[in-house]
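Data first, discussion second: the structure below is written as structure tokens.
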Amino acid sequence: MDYIIGVIVLILIFIIWGYFFKKRYFKEIDRLESWKISIMHRPVLEELSKVKQLNMTGETEEMFENWRIEWDAIITDHMPEVEELLFDAEEFVDKYRFSRSKEIQRKITVKLNEIEEMIKKILYELNELVGSEEKNRLEIEDIKESYRQLKKSLLAHRHNYGKAADKLESSLDEVLQILQKYEEETVNGNYLNARELVLTIKDKLAVLSVKMEMLPKLLVDSQSELHSQLNELKDGYEEMSGQGYLLSHIQFEQEISRLEEELDLYKTQLENAETEAVEKGIKEMRESIEVLYDLLEKEVLSKQYILKNDEVLRKTISDLEYENDKLKVETIHVQHTYHLTENELDAQRKMEKQIAQISKRHQLLVLKMEDNVMASSLISEEMQGLAVQLKELQENQKDFTVKLQALRKDEMDARDSLAELKRKMVDTGRLISKSNIPGLPEEYKVVLQDAKESMGDVQGKLEEKPLDMAAVHIYLEKAVQQVDKVHEKAQELIEHMYLAEKVIQFGNRYRSSHDMVAESLREAEAKFRSYEYQAALETAATAIEKVDPGSLRKIGANIEEVLS
């Protein structure tokens, strides 16, 4: 019984499995069937009918016939083959031969894709043909009008184009011949060839339009304006040469000769209506002419600069030499009193050497100017370079002078600072005296002695010859720290003394009632008499705070009022 039930279950499973697989495969077959039907309903014949409106001869007739044959092959050969394959695929599914059905479905897909590509090709070529005819028909009238306008302009303004008029006329005749060829191709139904001719005509007319627009201006530029500029340049060159300007470094004559040869070349090119090359060449020639103008102008401006600044340069060098002599003497004088580093002395010697070199260069420059063996522009550049160096040396001289003066000022500032430290020490002493302090602890005496020694070190350095201000500043900085420390210690000492005294006095009220307080106060008084004010304060305060917490804050507030 179990065996029979198992067989039945297996059969049911097989039926359900087969049902779902058949359903999936039939769904794919339905999709392919729909695809086939959509191809059958493509409006290819309607599109082909558009071609019949054209001249059914030549290229058009041949292409139409090919498209019709290809479409007939699709309908009569390829589609029935697809139909047969679809039937086979269904049959294999019914027989549960799914792999075989799947293989046939792949063949159908390949076949339908091939048919799709054939239809795309037909429609693309058809649209290309019909579109070419339509574009040609829309554009040809504008093209003919452009041709007529260019022909009319050439006839009316022939003199503006010089010898290039013949070349332009020949180009227009070529366009006319292509137009005639276009008409023939259109009549014969060769619309694609006609389209290529239309594009060729448009390009030629565009080029001719640009040439005819540019030619008159280029002829004027090359035959009149540029010639005038070259002649003007040559006249200016000869005039400047006659005035004694040295211009050989410009290579003016070679450059003018090259430009004149180029102008002759442009003349030939313009006769052949080669406007693009001439336009580029004229632009470059203008730049070359501008450079020559700039070079000649530079020589004139340089000559003016020389005449204006030569005397200024001479005086500057003379003043610099004079100031350097003064600075040298002052340096020697300062050396006796102050310590100058080797770098500072080297800076002064270096300035002296640079001034001597500049003076020598200027003398050589003057000789070249007198002998007229150097172009004004080169002399001017050399003079400007010297002027820059002289200005830098003047700044260096000022800086060095300020540095020497700063040494003396630093000395006076250091002496003033030392005097201020002494006054602060005196003030601190007075503060100690006014406080009626019983005596000074050893710690304070040590700080006081250190401060006095530091001030003595500063004084000693200030008396040395030559004076080393770097060392003075180091000792002075230390002395300032030591004196400040003495002042702070004095204030701290007085505060501790007053506070200890008040705390001990306040604690006396607890002597009889608290033995511990009495003992601590005796210890604090002993320390007070030994001038250990801080230790006395700490001992007394600790004891009193135990019996009367918070009392020290009141005493401290009262002391601050007294001290302030």
Side-chain angles (χ1 to χ4, degrees), residues 414-462 474-564:
R415 291 185 183 279
D416 289 342
S417 297
L418 183 59
E420 181 62 30
L421 292 178
K422 290 178 180 178
R423 282 194 293 273
K424 192 169 186 178
M425 288 288 286
V426 171
D427 291 341
T428 303
R430 287 175 183 163
L431 183 65
I432 291 290
S433 298
K434 286 171 62 179
S435 66
N436 294 321
I437 193 165
L440 298 174
E442 286 302 318
E443 181 186 358
Y444 178 78
K445 291 178 180 179
V446 171
V447 173
L448 185 63
Q449 184 60 32
D450 288 344
K452 290 179 178 178
E453 288 178 359
S454 293
M455 291 169 60
D457 291 339
V458 175
Q459 187 67 50
K461 283 294 176 184
L462 285 171
I474 292 171
Y475 281 105
L476 182 61
E477 184 177 352
K478 182 180 178 182
V480 168
Q481 294 173 354
Q482 293 292 344
V483 171
D484 287 343
K485 189 175 181 180
V486 168
H487 189 72
E488 290 170 6
K489 282 287 185 182
Q491 289 180 316
E492 184 181 284
L493 190 64
I494 294 167
E495 184 177 344
H496 287 160
M497 185 270 292
Y498 275 123
L499 195 56
E501 190 176 46
K502 289 295 182 183
V503 169
I504 291 171
Q505 289 174 359
F506 180 81
N508 286 333
R509 67 185 67 181
Y510 300 108
R511 277 180 184 269
S512 58
S513 58
H514 294 81
D515 293 338
M516 180 272 295
V517 172
E519 180 60 30
S520 295
L521 289 178
R522 282 194 294 272
E523 184 181 347
E525 287 171 345
K527 290 179 179 180
F528 190 92
R529 285 191 293 272
S530 298
Y531 315 136
E532 298 176 20
Y533 306 114
Q534 184 175 357
L537 172 62
E538 291 172 355
T539 302
T542 302
I544 294 169
E545 192 65 23
K546 289 179 180 179
V547 297
D548 190 0
S551 59
L552 292 179
R553 283 197 297 273
K554 299 175 184 177
I555 298 171
N558 292 333
I559 291 297
E560 285 180 7
E561 290 179 10
V562 172
L563 292 175
S564 61

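Atoms considered below: every heavy atom in the structure, side chains included; atoms not considered: hydrogens, waters and symmetry mates.
Distance check, rounded to the nearest 0.5 Å: CD1 of I494 to NZ of K434 gives 9.5 Å. Atom OG1 of T539 is separated from atom CD of E519 by 11.0 Å, given to the nearest 0.5 angstrom. Taking CD of Q482 as the start and CD of Q449 as the end, the distance is 11.0 Å to the nearest 0.5 Å. If you take CD1 on I504 and NZ on K502, they are separated by 12.0 Å, rounding to the nearest 0.5 Å. Note: E525 CD to S530 OG = 12.0 Å, rounded to the nearest 0.5 Å. How far NZ of K527 is from CG of L537: 11.0 Å, rounded to the nearest 0.5 Å.
Ring-plane geometry between Y531 and Y533 is classed as tilted, the angle between the planes lying from 30 to 60 degrees on a 0 to 90 degree scale.
Remark: E420 engages R423 in a side-chain contact (heavy atoms from CB on, under 4.5 Å) (not counting sequence neighbours). The side chain to side chain donor-acceptor pair (under 3.5 Å) check on T428 picks up H487, with sequence neighbours excluded. By the side chain to side chain donor-acceptor pair (under 3.5 Å) test, K452 is found to be paired with no residue, residues two or more places apart in sequence or in another chain being considered.
Across all their heavy atoms, A540 and L521 have their closest contact at CB-CD2, 4.0 Å. Nearest heavy atom pair, residue V517 against residue G507, reads CG1-O, 3.9 Å. S454 and A479 make their closest contact through CB-CA, 3.7 Å (heavy atoms, listed as atom of the first residue, atom of the second, distance).
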* **Worked verdict on M455 versus Q459 for side-chain contact (heavy atoms from CB on, under 4.5 Å)** => CA-CA 6 Å; M455 291 169 60; Q459 187 67 50; over 6 Å; no

* To do: Please assess L448 against M425 for the test side-chain contact (heavy atoms from CB on, under 4.5 Å), listing each intermediate value before the final yes or no.
  => CA-CA 9 Å; L448 185 63; M425 288 288 286; 3.4 Å; yes

Do any side-chain atoms of residues 435-446 form donor-acceptor pairs under 3.5 angstrom with protein atoms, and if so which ones, sequence neighbours left out?
unit_1, atom_1, unit_2, atom_2, d
S435, OG, I432, O, 2.5
E443, OE2, K489, NZ, 3.0

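In this structure, the side chain of R511 does not engage the main chain of N508 through any donor-acceptor pair within 3.5 Å.
The number of heavy atoms from other shown groups lying within 6.0 Å of OH (Y475) does not exceed 12.
Residue pairs meeting the salt bridge (charged side-chain N to carboxylate O under 4.0 Å, His left out) criterion with at least one partner in residues 537-546, sequence neighbours excluded, are absent. Residue pairs meeting the salt bridge (charged side-chain N to carboxylate O under 4.0 Å, His left out) criterion with at least one partner in residues 477-488, sequence neighbours excluded, are K424-D484.
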